[in-house]
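Lettering of chains follows the sequences in order, A, B, ..., and the numbering in each one begins at 1.
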There are 2 protein chains.
Amino acid sequence: MRCGNPWAHQRLVAEGLRITEARRIILNILSKTSKHLSAEDIYFLVRGINPSIGFATVYRTLDLLTRMGMVQKFDFGDGKARYELIEGSRKDAHHHHLVCTKCRKIVNYTDFVDEEKELIKKTEDALAKKHRFDIKSHIIHFYGLCETCRSEDKNHNPSLGKLSM
Amino acid sequence: MRCGNPWAHQRLVAEGLRITEARRIILNILSKTSKHLSAEDIYFLVRGINPSIGFATVYRTLDLLTRMGMVQKFDFGDGKARYELIEGSRKDAHHHHLVCTKCRKIVNYTDFVDEEKELIKKTEDALAKKHRFDIKSHIIHFYGLCETCRSEDKNHNPSLGKLSM
DNA sequence: CCCCCTAATGATAATAATTCTCATTATCAT
DNA sequence: ATGATAATGAGAATTATTATCATTAGGGGG
């Protein structure tokens, strides 16, 4: 009850799920960051608060929250999934991602979301009707090279870098 | 030389890469499908053509093509990556994806891409300028429940389905 | 406030996708 | 054709994620 997030608390209770320490801690961690944490990142943060909580519980909780639609699971191209609390649970606006394919840096952006939002809404409605989907969420990722990696590329390798195997 | 895809051929040669049998076969497979093949799917198709080609080569080739920007690697939420030849190498139009989070069905859609294209282009330019990224590609995914899974949900479980662990 | 039922957990084994190693082969510039 | 070496095949190794199962703790009922 004295825990951080009344919104999240409500959602759990509404589904008949228990408010456990692990869930409280993980939700708190997610609601305090704008980084894109992997299960491992989260595990170590959780351990810093309560070292008795296990890795499996972190995975289970993230999976649960994802299935409930409170958390979005991302793959940015390195081998591990990343997790982010969804709009509504965080104060900051809905955003999309800019991913550097070389150094894996991820930039959140909220610019143009007004226009985007409108188009997304429209597209969503049309797709829902045409394909009879009940659309719950979406992701938009742009991939490219960040400034640093661009100049590195330019200096060391004018074309595409070391591609051979 | 007498292989299928002059466009792809050129890109490889331009990078000083060899045109090997495995690469030819894999490019051919990718250019003939609109499905979203996993590495394993591709491996078995490759084996049907030349059984001496190994799994590692399939992975290596897909990774190479992805790094070259000829192939896009996707994660639709099941544990495995899926690969698709990028616009330019295929005749059919650029498309985005509609993913059923329950049965994992994937629908390509090309509707609204005109409007989308314009917005994407605009966003891309602005992001490139603001964050100094060299943007190479993007993905848009919508997630939700397909018709079949929606009605199943309705019949068996009015709210969110079995969420507990 | 204590008790009980059972959802949830911790520890660890198991699984599965992807990557690495290294001896061998095949591509292609010459 | 020939040689330098990029690319490969086979399988071992790695790593993220999931399953198992005995134990613990959340929370409704007394």
Side-chain angles (χ1 to χ4, degrees), chain A residues 1-3 9-10 12-27 36-44 46-47 49-68 71 73-83 104 160 162-165, chain B residues 1-3 9-10 12-27 36-44 46-47 49-68 71 73-83 104 160 162-165:
Chain A
M1 237 26 158
R2 60 274 179 238
C3 79
H9 187 281
Q10 273 319 78
L12 289 170
V13 170
E15 292 293 333
L17 299 165
R18 293 179 179 174
I19 311 297
T20 66
E21 161 130 57
R23 288 171 183 173
R24 249 183 280 138
I25 293 176
I26 290 171
L27 279 164
H36 309 84
L37 303 174
S38 65
E40 195 184 15
D41 296 335
I42 294 167
Y43 171 66
F44 284 118
V46 167
R47 294 226 115 201
I49 297 168
N50 182 338
S52 75
I53 290 170
F55 218 144
T57 298
V58 172
Y59 270 108
R60 279 187 289 234
T61 303
L62 290 171
D63 179 56
L64 176 75
L65 296 174
T66 302
R67 280 185 291 134
M68 288 181 70
V71 160
K73 183 179 179 182
F74 290 104
D75 170 47
F76 290 117
D78 56 348
K80 56 192 73 169
R82 289 166 188 281
Y83 301 85
R104 302 285 169 206
L160 276 171
K162 184 60 180 151
L163 281 173
S164 63
M165 307 178 126
Chain B
M1 234 32 154
R2 57 275 180 240
C3 78
H9 187 282
Q10 272 321 76
L12 289 170
V13 170
E15 291 294 332
L17 299 166
R18 294 180 179 174
I19 312 297
T20 66
E21 162 130 57
R23 288 172 182 172
R24 249 183 281 137
I25 293 176
I26 291 172
L27 279 164
H36 309 86
L37 302 174
S38 66
E40 195 185 14
D41 295 336
I42 293 167
Y43 171 66
F44 283 118
V46 168
R47 292 225 116 200
I49 297 168
N50 181 339
S52 75
I53 290 169
F55 218 144
T57 297
V58 172
Y59 270 108
R60 278 187 289 233
T61 303
L62 290 170
D63 179 56
L64 176 74
L65 297 174
T66 302
R67 282 185 291 133
M68 289 181 68
V71 160
K73 183 179 178 182
F74 290 104
D75 170 45
F76 291 117
D78 56 347
K80 57 192 72 170
R82 287 163 190 282
Y83 300 85
R104 301 286 169 205
L160 276 170
K162 184 59 179 151
L163 281 173
S164 62
M165 307 176 127

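- With sequence neighbours excluded, no residue satisfies side-chain hydrogen bond (donor to acceptor under 3.5 Å, both in side chains) with A:Glu40.
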Enumerate the protein-to-nucleotides 13-17 of chain D contacts in which both atoms are nitrogen or oxygen and the separation is below 3.5 Å.
from   : atom 1 : to      : atom 2 : distance (Å)
D:dA16 : OP1    : A:Lys80 : NZ     : 3.3
D:dT17 : OP1    : A:Ala81 : N      : 2.9
D:dT17 : OP2    : A:Tyr59 : OH     : 2.5
D:dT17 : O5'    : A:Tyr59 : OH     : 3.4

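- Across the protein-nucleic acid pair, A:Tyr43 atom OH and C:dT9 atom P stand 14 Å apart, rounded to whole Å.
- Remark: P of C:dG10 and CG of A:Asn50 are 8 Å apart, rounded to the nearest angstrom.
- Residues B:Arg18 and B:Arg23 share a closest heavy-atom pair of O-NH1, 2.7 Å.
- Atom CD1 of B:Ile53 sits about 12.5 Å away from atom CD1 of B:Ile42, to the nearest 0.5 Å.
- Direction of the helix axis in the helix from C:dC1-D:dG30 to C:dT30-D:dA1 shifts by 50° between the two five-pair termini, rounded to 10°.
- When every heavy atom of B:Ile26 is checked against every heavy atom of B:Val58, the shortest pair comes out as CD1-CA, 3.9 Å.
- Atom CG in B:Leu12 sits about 13 Å away from atom C1' in D:dA6, given to the nearest Å.
- Between atom CD1 of residue B:Ile49 and atom CZ of residue B:Arg24 there is a gap of 11.5 Å, rounded to the nearest 0.5 Å.
- With sequence neighbours excluded, the residues satisfying side-chain contact (heavy atoms from CB on, under 4.5 Å) with A:Arg104 are A:Asp78.
- Residues meeting the side-chain contact (heavy atoms from CB on, under 4.5 Å) test with A:Arg47, sequence neighbours left out: A:Tyr43.
- Applying the salt bridge (Lys or Arg N to Asp or Glu O under 4.0 Å) test to B:Asp41 and every residue at least two apart in sequence or in another chain returns B:Arg82.
- Residues that satisfy the side-chain contact (heavy atoms from CB on, under 4.5 Å) test with A:Ala39, not counting sequence neighbours, are A:Phe55, A:Tyr59, A:Leu62, A:Tyr83.
- Taking atom CG on A:Asp63 and atom C1' on C:dA7, their separation rounds to 16 Å, with Å as the unit.
- Comparing D:dT8, C:dT9, D:dG11 by their closest approach to the side chain of B:Ala56 singles out D:dG11.
- For B:Arg47, taking side-chain heavy atoms from C-beta onward, the closest of the listed nucleotides D:dT8, D:dA10, C:dG10 is D:dA10.
- We find that CG of B:Leu64 is positioned 13 Å from P of C:dT19, with the value rounded to whole Å.
- The shortest side-chain heavy-atom distance between A:Asp75 and B:Lys73 does not fall under the 4.5 Å cut-off.
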**Where protein sits on nucleotides 22-30 of chain C, one letter per nucleotide: B base, S sugar-phosphate only, - none, heavy atoms under 4.0 Å** = ----BBS--
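- As rounded to whole Å, 15 Å separates atom C1' of C:dA8 from atom CE of A:Met68.
- In this structure, OG1 in B:Thr57 is found 4.5 Å from CZ in B:Arg60, a value given to the nearest 0.5 Å.
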